[in-house]
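The next block holds one structure in the form of structure tokens; read it before the comments.
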Amino acid sequence: MDTMGNLRRSHYSNDILPSINGDQVVVFGIVASIRNHGKLTFLILEDLKGIVQLTIHANSVPENVRSKLNNIHEQSFIGVMGKVKSTEKAPHGAEIIPEDIRVLSVPQSMPPFKLFKQRLPNIEKRLDLRAVDLRRPQSKAIFKIKHTALQAIRGYFSSQGYMEVQTPKIISTATEGGAALFPLLYYNKEAFLAQSPQLYKEQLTGAFEKVFEIGPIFRAERSRTMKHLSEAVSVDIEEAYVTYIDVMNVLERVICHTIANITENCKEDLALLKNKMRAPVPPFKRVTYDEILELLHREGVDVSWGNDLFVSDLKKIERKLPEFYFITDWPTSSKAFYIKSKDDKPEICESFDLMHGSLEIASGGSRIDQKDTLVEKLKERSFDPALFEYHLKVFDYGIPPHAGFGFGLDRLMMVLCKQKNIREVVLYPRDQRRLIP
Ligand code: AMO
């Protein structure tokens, strides 16, 4: 095996153009394919920017360089120094005639699945060897889109005056009632992985007014579904002096901004994933919980008031609500303890879920900003207020009225990348059965 020695990349594959005909260049990458025609070999090298053709002819490439081909096969990592030659037959109209080839890594085995086929084996088999699965063009497209989405989200919030924060992920209490906790031993005490940044982001509104966080959330999900993971990424905001109506406006704007950015900057990736998506235009439809119950009733599904809405039921009205829409004004009993009830109708709370068809993307609401009410709510939900003293005492020093939301980045990615299984849009997914790789 060779080493890189003093060879360093001078160009990426997409820089190899007819305009630099005759220049000496150095490229690095992975061998995507080799075609051998006796004295002539074509090798396609792939790097992070695309592909470039190397043409190795017995008449133009010395024997000591050509002999390197004997050690190379597909999926080998190599470095090449050579001269650019313009030719209409090559991608971008130019190829490289190698003068030096360094063989850096040759695979001992070939991937147990085809990297360039549309039909793929079972996802679990691919996840077992995720680092190699991620070399598939469709996988790469998903994570390029995710990268662009993250940049757009950060850019949007920063431009609107939100401060990016990081809150602790090892914490002492639950924050989300329904979802189960992952306990861990923190020195000699019991601690938990954070289900959300909820209580910390609320506290921070007193200091910074507008905050956002993009970070992991941990949920010990009991059931195994296509849209639940044990570790997911949530995009959270919390803002002072606003209500749930105001943050719904923020949420739809950040979603529209992100999708507009992706449709503009990830055209090839979207095409590869066969997603002909167009950026939605705000405002998104807003439907109350009661109206959803009415729509379901018309489809022959009767949900008792106060119950959560099941995906299987929401699928029945997906034809009527196929895109993004909000479900607002949920029963107070169905939402977390920190959500504020309506002043004139305490059985309903100032809350919303953002949906895409039957997929929940986000939830949020106005928050309780009175300590007594929060203590009452904790007791109602059988939480011991003493355990929340670290949070409750902040209220003694005053906290502004505030509202916020959390959206599942991975759930949004399922929509943006047209994927049915959330595991496809997460590099190394974690669920009840999977802790490796
Ligand atoms: P909620 O519990 O609804 O609300 O979570 C917010 C969003 O996070 C995503 N999500 C998940 N994604 C993948 N796997 C999971 N197991 C999972 N659990 C949740 C969903 C969901 O809509 N603190 C509140 C938000 C707020 O009010 O600000 C919260 O955590 O897309």
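Each ligand, and each atom within it, is numbered from 1 in the order the structure gives.
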Polar atom proximity, Ser234 to ligand 1 (N or O, under 3.5 Å): no
Per-atom contacts of ligand 1 with Ile422, taking only distances under 4.0 Å to non-hydrogen atoms: 13 (C)
Atoms of ligand 1, numbered as shown, that sit under 4.0 Å from any heavy atom of Lys227: 13 (C), 14 (N)
Heavy-atom side-chain contact between Gln419 and Leu273 under 4.5 Å: yes
Pairs satisfying salt bridge (charged side-chain N to carboxylate O under 4.0 Å, His left out), at least one member in residues 269-285, at least two apart: Lys144-Asp269
Test of proximity, Glu176 against ligand 1: N or O pairs below 3.5 Å: yes
Contacting atoms of ligand 1, where contact means under 4.0 angstrom from a heavy atom of Glu221: 15 (C), 16 (N)
Proximal ligand 1 atoms for Lys201, defined as those under 4.0 Å from one of its heavy atoms: 26 (C), 28 (O)
Close approach of Lys335 to ligand 1, heavy atoms, under 4.0 angstrom: no
contact_flag Asp353 ligand 1 heavy-atom lt 4.0 Å: no
Per-atom contacts, ligand 1 versus Ala232 - under 4.0 Å to a heavy atom: 12 (N), 13 (C), 14 (N)
Close approach of Asp410 to ligand 1, heavy atoms, under 4.0 angstrom: no
Any N or O of Ile237 closer than 3.5 Å to N or O of ligand 1: no
Atom pair CG (Leu129) and CG (Leu127), whose distance is rounded to the nearest 0.5 Å: 10.0 Å
Aromatic ring pairing Phe352/Phe326, orientation class (parallel under 30°, perpendicular over 60°, tilted between): perpendicular
Distance-only donor-acceptor check, side chains Gln75 and Arg135, under 3.5 Å: yes
Intermediate values then yes/no, salt bridge (Lys or Arg N to Asp or Glu O under 4.0 Å), Glu231 and Arg219: CA-CA 6 Å; Glu231 179 176 349; Arg219 310 272 171 114; over 6 Å; no
Residue pairs, two or more places apart or on separate chains, that pass side-chain hydrogen bond (donor to acceptor under 3.5 Å, both in side chains) and touch residues 372-383: Ser341-Lys377
